[in-house]
Amino acid sequence: MAIIEFGEDFRWGVATAAYQIEGGVTEGGRGPSIWDTFSHTPGKVLNGDNGDVACDSYHRFEEDIQLMKELGVDVYRFSVSWPRIFPNGKGEVNREGLDYYHRLVDELLANGIEPMCTLYHWDLPQALQDIGGWDNRETVEAFVAYAELMFQEFSGKIHSWLTINEPWCVSFLSNYIGAHAPGNQDLGLAVTISHHLLLAHGKAVAKFREMKTGGKIGFAPNVTWLEAYSNSGEDMDACRRGMGWMIDWFLDPVFKGKYPEFMVEWFADREATLAIEEGDMEWIQQPVDFIGINYYESNVARHNKNSGMLQVEGIDMGYKKTDIGWYINAEGFYKVLTFIADKYGNIPIYITENGICINDDVEKGTVDDQRRVDYLKAHVTAVARSIKSGVNLKGYITWSLLDNFEWAEGYSKRFGLVHVNYRTLERTKKESFYWYQKLVNNHWLEV
Ligand SMILES: CCOCCOc1ccc(-c2cn(C[C@@H]3NC[C@@H](O)[C@H]3O)nn2)cc1
């Protein structure tokens, strides 16, 4: 057995998101979001599940925080439901919504846990979608106004902010592939939305700097690693496109001030062009203090001209799969982290999501999710390897504290260290909870 060690200043955390855990969708003055609309549209979410109750964390957050305290985590990454703050997306502020998040943040601070706040984790106020959503630059301005209010309201309490979670999911998964809310399937629209999301991010960062409320700010792209099936130029190019779609498309504008040309051309050849206005790129490349990286899986891929818009075909190499069908490959985690550090300069990185869907159920009062322990062990070791290789990693925040509403998969897919019985809302600590507790408190693990 080998011992893998982490410095005492390395931060450990757990992550959730508002629509996935809160419930209370008509309480406390909250307005509807696009996920309320989407989940209540027949056929959009597996089993017709929705976030109306979810884990009921709106009423049970003290219990959840006691679980975090028992874990011993340093950081809790949560998201704020924008329609709790601005029920109509902009204009009138809902004081009850602000008060709810003050109670949450105060309880975290009272228990020695640092709040890391994601401002946008996919639950766009429906009222903004009704005027075009992220396709409309008015939504960009509404986001900046929402961010400004949150920075002011929580100044001195929240010191770590993330603007946008997984802009690839918000733009391409939700507006080209159409699997997530609002469910459009238009590449040109998705490309425009990706630009407006980066503009919203950059303008919010600029507002954060201007307000001087203190703390640090970043955003959280989701990333993957694609290993080329062969060393042929077309297979290597295909993998470059697949990663360019998810990584370079969002990191190049922020860190290099321009979109990756090879992707601009690929989209333009498919009538999807960027409408960049004077000053946009200057806003987008506002320096960030850190970047959140969300990683789940890697693939082996090759070129196939008949394989979708990107002409990238995944090849099943027999890697073990999770219960949501994603491949398990911790080597890809190490490779993508070193790739990002090499290409974008050694920016401080927090892993803001990494975890595994394992649907084991409660038996004899526990959940023996050894496959989750194995996944976490391998991926935390990949994090240690990356640090040893010079990657400026500051912390690891696992997805998720609780089983929760996994978007279009509903409640069928479980990512939590803690099992949730959605009928009784009873929480049950899994074996992985105790494994993570030991890692978080020891700062080392045996592999
Ligand atoms: C080609 C067709 O593809 C159809 C589905 O394609 C995807 C891709 C990616 C995802 C996905 C889900 N998650 C986990 C979440 N991250 C944020 C947090 O809220 C977690 O719940 N990350 N990525 C889902 C579906």
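Ligands are counted one by one from 1 in listed order, and the atoms in each one are counted from 1 as well.
Remark: side-chain polar atoms of Asn50 are paired, donor with acceptor, to backbone N or O of Asp52 under 3.5 angstrom. Looking only at distances, a side-chain donor or acceptor of Asp316 sits under 3.5 Å from a matching main-chain atom of Gly318. With Asp323 contributing its side chain and Asn359 its backbone, the two residues share a donor-acceptor pair below 3.5 Å. Within the 3.5 Å criterion, the main-chain N or O of Leu226 finds no donor-acceptor partner in the side chain of Ser298.
Side-chain contact, Tyr344 with Asp252: a donor N or O sits under 3.5 Å from an acceptor N or O. Side-chain atoms of Thr366 and Glu431 include a donor-acceptor pair closer than 3.5 Å.
One option in Tyr296, Trp407, Trp326 has a heavy atom closer to atom 10 (C) of ligand 1 than any other, and that option is Trp326. Counting heavy atoms only, Leu173 comes closest to atom 4 (C) of ligand 1 of the residues Thr224, Ile324, Leu173.
The existence of a salt bridge linking Lys413 and Asp403 is excluded, since no basic side-chain nitrogen approaches an acidic carboxylate oxygen closer than 4.0 Å. A salt bridge links Arg30 with Asp36: the distance from a Lys NZ or Arg NE/NH1/NH2 to an Asp or Glu carboxylate oxygen falls below 4.0 Å.
The protein heavy atom nearest to atom 2 (C) of ligand 1 is Ile177 CG2, 4.0 Å. Protein heavy atom at the shortest distance from atom 14 (C) of ligand 1 is Glu406 OE2, 3.5 Å.
Distance check, rounded to the nearest 0.5 Å: CD of Glu297 to CH2 of Trp326 gives 6.5 Å.
The residue Phe405 has no part lying near ligand 1, judged by heavy-atom distances below 4.0 Å. For Asn404, no heavy-atom contact with ligand 1 is shorter than 4.0 Å. Contacts between Phe415 and ligand 1 below 4.0 angstrom, taking non-hydrogen atoms only, are absent altogether.
Taking only nitrogen or oxygen atoms, main chain and side chain alike, His121 reaches within less than 3.5 Å of ligand 1.
Not close to ligand 1: Glu409, with no non-hydrogen atom less than 4.0 angstrom away. Residue-ligand proximity: Asn165 is placed with a non-hydrogen atom under 4.0 Å from ligand 1. Using a 4.0 Å cutoff on heavy atoms, Asn294 does not count as a contact of ligand 1. The closest approach between a heavy atom of Phe172 and any atom of ligand 1 is not below 4.0 Å.
In the vicinity of Glu353, heavy-atom distances shorter than 4.0 Å reach the ligand 1 atoms 15 (C), 16 (N), 17 (C), 18 (C), 20 (C). Every atom of ligand 1 is numbered from 1 in the order shown, and the set under 4.0 Å from a heavy atom of Trp399 is 18 (C), 19 (O), 20 (C), 21 (O). Set against the non-hydrogen atoms of Glu166, the atoms of ligand 1 under 4.0 Å away are 16 (N), 17 (C), 22 (N), 23 (N). Ligand 1 places these atoms under 4.0 Å from at least one heavy atom of Gln20: 18 (C), 19 (O), 21 (O).
Not a single side chain to side chain donor-acceptor pair (under 3.5 Å) links His159 to another residue, sequence neighbours left out.
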